[in-house]
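The block underneath contains the structure these notes are about, expressed in structure tokens.
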Amino acid sequence: MERDTQIILGIDPGTKVTGYGILRVHNNQYQALDFGCIKPPYKLELSKRYYIIFDSIEKLIQKYKPTALAVETQFVQKNIQSAIKLGMARGCAIIAAEKNLTPIFEYAPRSAKLAVVGKGSASKEQVSKMLKMLLNLQIDKIPEDAADALSLAVCHANKINFANKIRI
């Protein structure tokens with residue numbers, strides 16, 4: 001891989017659906033290498049679902065060898081049990097990255113939407129449409145969780161590009 005090429009793995013964690021997006025960044029050009037959703041069978045106990053999330057993310061890391069993992073920060077929900085489960089799914093991504101020596105960066109959902117649409121309160125539909133244009137994707141629809149993951153990767157790519165411009 002060229003020195004100035006970045007591969008960023010975006011993760012939108014969840015116990016029912018964990019979205020992922022792999023973004024290649026070279027010379028300010030963004031290319032989606034892969035994206036989709038990890039959906040552990042809901043009938044499985046939570047510990048097995050967490051393992052499936054961890055194992056799937058680790059396989060993505062080993063396949064694409066990302067230079068960074070961009071994961072959504074946890075937000076506090078009204079339902080504390082949901083917040084705990086979401087935190088555990090985030091932990092699966094973080095541990096997979098740490099185990100494989102992949103640097104971890106965390107971004108709020110508003111920051112990711114701002115990076116893609118220019119508006120932190122953008123709708124999921126707006127994010128998806130802008131990602132299709134930005135990444136030149138010739139598909140009808142990006143799954144919501146995958147779109148969130150790709151937007152996290154774009155957010156990190158923008159941060160890298162900005163940092164590189166400041167250093168010049």
Side-chain angles (χ1 to χ4, degrees), residues 1-2 5-26 30-77 79-113 115-116 124 127-128 131-132 134-135 137-160:
M1 181 169 41
E2 298 167 41
T5 297
Q6 299 283 321
I7 303 293
I8 303 165
L9 169 57
I11 295 289
D12 177 35
T15 54
K16 293 179 185 175
V17 180
T18 291
Y20 68 88
I22 315 281
L23 189 68
R24 179 181 185 270
V25 182
H26 180 73
Y30 298 172
Q31 176 190 11
L33 298 178
D34 192 6
F35 57 88
C37 298
I38 302 163
K39 297 180 182 179
Y42 193 69
K43 66 184 184 298
L44 291 180
E45 56 193 68
L46 274 172
S47 60
K48 292 190 182 359
R49 284 192 270 163
Y50 293 137
Y51 179 76
I52 290 169
I53 293 166
F54 165 81
D55 189 55
S56 299
I57 293 171
E58 184 172 48
K59 286 177 180 165
L60 289 167
I61 290 170
Q62 291 170 351
K63 179 178 180 179
Y64 291 102
K65 311 232 180 305
T67 52
L69 175 104
V71 64
E72 189 173 275
T73 57
Q74 186 167 352
F75 59 94
V76 178
Q77 297 176 320
N79 182 336
I80 192 69
Q81 287 299 318
S82 295
I84 290 169
K85 290 174 185 175
L86 178 62
M88 293 287 287
R90 276 184 82 250
C92 293
I94 290 168
I95 291 169
E98 281 292 339
K99 183 179 176 195
N100 290 277
L101 306 175
T102 305
I104 301 160
F105 300 87
E106 301 179 57
Y107 297 98
R110 290 184 65 84
S111 297
K113 290 177 180 181
V116 173
K124 289 191 178 282
V127 171
S128 184
L131 282 169
K132 283 171 57 175
L134 179 67
L135 302 175
L137 298 174
Q138 305 299 315
I139 59 172
D140 290 333
K141 190 173 193 280
I142 305 171
E144 279 185 8
D145 297 280
D148 289 345
L150 282 169
S151 68
L152 290 160
V154 168
C155 183
H156 185 66
N158 288 351
K159 178 183 172 185
I160 292 168

Mind listing the closest non-hydrogen atom pair of [X] and [Y] along with its distance?
{"X": "Ala97", "Y": "Ile104", "result": "CB-CG1, 3.6 Å"}
{"X": "Cys155", "Y": "Ala112", "result": "CB-CA, 4.0 Å"}
{"X": "Thr102", "Y": "Ala68", "result": "CG2-C, 3.8 Å"}
{"X": "Tyr50", "Y": "Ala89", "result": "CE2-N, 4.0 Å"}
{"X": "Gly36", "Y": "Ala146", "result": "O-CB, 3.5 Å"}
{"X": "Ile61", "Y": "Asn100", "result": "CG2-CB, 3.5 Å"}

Interatomic distance, [X] atom [atom1] to [Y] atom [atom2] [nearest 0.5 angstrom]:
{"X": "Ile7", "Y": "His26", "atom1": "CD1", "atom2": "NE2", "value": "11.0 Å"}
{"X": "Leu150", "Y": "Leu134", "atom1": "CG", "atom2": "CG", "value": "9.5 Å"}
{"X": "Ser47", "Y": "Met88", "atom1": "OG", "atom2": "CE", "value": "9.0 Å"}
{"X": "Glu144", "Y": "Ser128", "atom1": "CD", "atom2": "OG", "value": "8.5 Å"}

Between Glu106 and Thr73: side-chain donor-acceptor atoms closer than 3.5 Å: no
Any [X] side-chain heavy atom under 4.5 Å of [Y] side chain:
{"X": "Ile8", "Y": "Val25", "answer": "yes"}
{"X": "Phe105", "Y": "Lys159", "answer": "yes"}
{"X": "Leu152", "Y": "Val71", "answer": "no"}
{"X": "Pro13", "Y": "Leu86", "answer": "yes"}
{"X": "Tyr20", "Y": "Asp145", "answer": "no"}
{"X": "Gln31", "Y": "Leu23", "answer": "no"}

Is the side chain of [X] donor-acceptor paired with the backbone N or O of [Y] at a distance under 3.5 Å, no angle test?
{"X": "Lys48", "Y": "Glu45", "result": "no"}
{"X": "Arg90", "Y": "Glu72", "result": "yes"}
{"X": "Ser151", "Y": "Lys113", "result": "no"}

Verdict with supporting geometry, Ile57 and Leu9, side chain to side chain contact (heavy atoms under 4.5 Å, CB included): CA-CA 9 Å; Ile57 293 171; Leu9 169 57; 4.3 Å; yes
Of Asp55, Ile53, Thr18, Ile52, the residue whose pairing with Cys92 passes side chain to side chain contact (heavy atoms under 4.5 Å, CB included): Ile53
Test: Arg49 cationic atom under 6.0 Å from Tyr42 six-membered ring centre, within 45° of axis: yes
Lys132 atom NZ, over 12 foreign heavy atoms within 6.0 Å: yes
Salt-bridge contact Lys124-Asp148 (side-chain N to carboxylate O under 4.0 Å): yes
Salt-bridge contact Glu58-Lys99 (side-chain N to carboxylate O under 4.0 Å):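 Salt bridge between Glu58 and Lys99, a charged N being under 4.0 Å from a carboxylate O: yes.
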Aromatic ring pairing Tyr51/Phe54, orientation class (parallel under 30°, perpendicular over 60°, tilted between):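 Correct class here is tilted.
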Side chain to side chain contact (heavy atoms under 4.5 Å, CB included) assessment of His156 paired with Tyr107: CA-CA 8 Å; His156 185 66; Tyr107 297 98; 2.5 Å; yes
